[in-house]
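The block underneath contains the structure these notes are about, expressed in structure tokens.
Reckoned from all heavy atoms, side chains included, excluding hydrogens, waters and symmetry mates. Chain letters run A, B, ... following the sequence lines, proteins first, then strands; residues in each count from 1.
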Amino acid sequence: MTSKIDISERLIKWHSSFGRHDLPWQKNKNPYHVWISEIMLQQTQVNTVIPYFEKFIKQFPNIAALANTDEDQILSYWSGLGYYSRARNIYAAAQSIKNLHNGKFPEDYDDIVNLPGIGRSTAGAILAFSFNKKYAILDANVKRVLLRFFAIEEPVNKTKTIKRLWSISDSILPNQNISTYTQAIMDLGATVCKRSNPKCVDCPLNDGCLARKNNASSRIPVKNKSKDKPVKYSQFYIYEYNKRFFLIKNTKTKIWSQLWLPPTEPIFQEKLNRDDLKILKTGERSCTFSHFKLSYKYTHIHLCKEPNDNSFGLWFDFIDLTEVGLPAPIKKLLTELSN
DNA sequence: TATGCGTGGTA
DNA sequence: TTACCAAGCAT
């Protein structure tokens, strides 16, 4: 029967036949590629990340290229991926690597985990994948596998549970093949020990899994019930002039910070004559975030004349919208309105 | 310690 | 349609 002792051995063996070997960030496991992929993969699924990773690496092939660009450029390549503080932290970390580590990605745990946007799990992944060092990770896949294997029916978002899981994750690490093992346990969580309808028949750990033994897999992981989301309201004024949209950089530190948005006030209405503007379309939409719902109205206004004072924002050509740090719903809306 | 932070897929 | 959730981190 699978015991705690041979979990890693079984996973490594399983991975050679059933693991994922062709992901873009597995082609070259240098710390730069691993770092970028691990940041993109935080709270984000593999299939979503793949095209973003490929475009990002093509544009910024190494740390030097990243350190020599600006935050706006990085955000434009992050547009649509969400959790934009990740992109801002990548920029900040690139500066740190350039200034504190002579442009070379650090190999020491403390140095790595001190980089912005890198916590214990991401540091562990980078160390395991790039440097083959014995460090644990604890992502949602690993959590689920361990919670089920040991039939832990404690709420997964409790600090005490997390602490216990880190301890277990540490304790089952192999002394060799740490990179393969780390990939294996994540692959198992993603493809076999899935959130719903786990394929226990295909699991290399099934004979020792306590959740399976107790028929408890469907109720593990246990989560506290979530609060209902408040609704917030907003309005966007989408000004079009000469096949361009007027956008303002969102300097607030909340949602969509540092991204470009249409004005939320009718800034040009009073400054122009009625004859110089024409309302083309109005509408209402909503988008749901992890902690609230945003309901917003939009007004698409065509200007026949350029307003005098527009220094607080920029006019973006329709064809340049893919090169701007725009939130996904706004990019979608502007793309529709420009057709 | 709990909450804020995006988006798209899935049941 | 709604609710949940994913290769977490920062505060």
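With distances taken from any side-chain atom of A:T122 to the nucleotides C:dA6, B:dG6, C:dC9, the minimum falls on C:dC9. When each of B:dG8, B:dT1, B:dT7 is scored by its nearest atom to the side-chain atoms of A:Q45, the top-ranked nucleotide is B:dG8. Closest to the side chain of A:P329, out of B:dT7, B:dC5, B:dG6, is B:dT7.
Regarding contacts with the backbone of C:dG8, every side-chain N or O of A:S121 stays at 4.0 angstrom or more from both OP1 and OP2. Look at A:Y84 and you'll find a side-chain N or O under 4.0 angstrom from OP1 or OP2 of B:dT7. An OP1 or OP2 oxygen of B:dT3 is reached within less than 4.0 angstrom by no side-chain nitrogen or oxygen of A:H291. The phosphate of C:dA3 has neither OP1 nor OP2 within less than 4.0 Å of any side-chain N or O from A:S226. Between C:dG8 and A:Q43, a contact under 4.0 Å exists linking OP1 or OP2 to a side-chain N or O. The side chain of A:W256 places an N or O atom within less than 4.0 Å of a non-bridging phosphate oxygen (OP1 or OP2) of B:dT7. Residue A:K254 places no side-chain N or O under 4.0 Å from the OP1 or OP2 atom of B:dG4. Side-chain nitrogen and oxygen atoms of A:R86 include none within less than 4.0 Å of the OP1 or OP2 phosphate oxygen of B:dG6. Taking 4.0 angstrom as the limit, A:K227 places a side-chain polar atom (N or O) nearer than this to OP1 or OP2 of B:dT3.
When the P atom is compared between B:dG6 and C:dT11, the two are found 14 Å apart, to the nearest whole Å. Only the P atoms considered, C:dC4 is 15 Å distant from B:dT3, to the nearest whole Å.
Comparing A:T159 and A:T253 by the nucleotide of DNA chain B that holds the closest heavy atom to each, the one mapping nearer the 5' end is A:T159. Ranked by how close their nearest DNA chain B nucleotide is to the 5' end, A:S196 and A:K160 are led by A:K160.
Contact annotation: the side chain of A:W256 never approaches that of A:L326 to less than 4.5 Å [non-hydrogen atoms, C-beta and beyond].
Among the protein residues, A:G80 comes within range of the sugar-phosphate backbone only, with heavy atoms under 4.0 Å from sugar or phosphate atoms but none that close to a base. A:A328 comes within 4.0 angstrom of sugar-phosphate atoms only, judged by non-hydrogen atoms across all strands, and of no base. Across all strands shown, A:I137 has no heavy atoms under 4.0 Å from either base or sugar-phosphate atoms.
Counting distance only, with no hydrogens placed and no angle test, the side-chain atoms of A:S290 and the base atoms of B:dG4 include no donor-acceptor pair under 3.5 Å.
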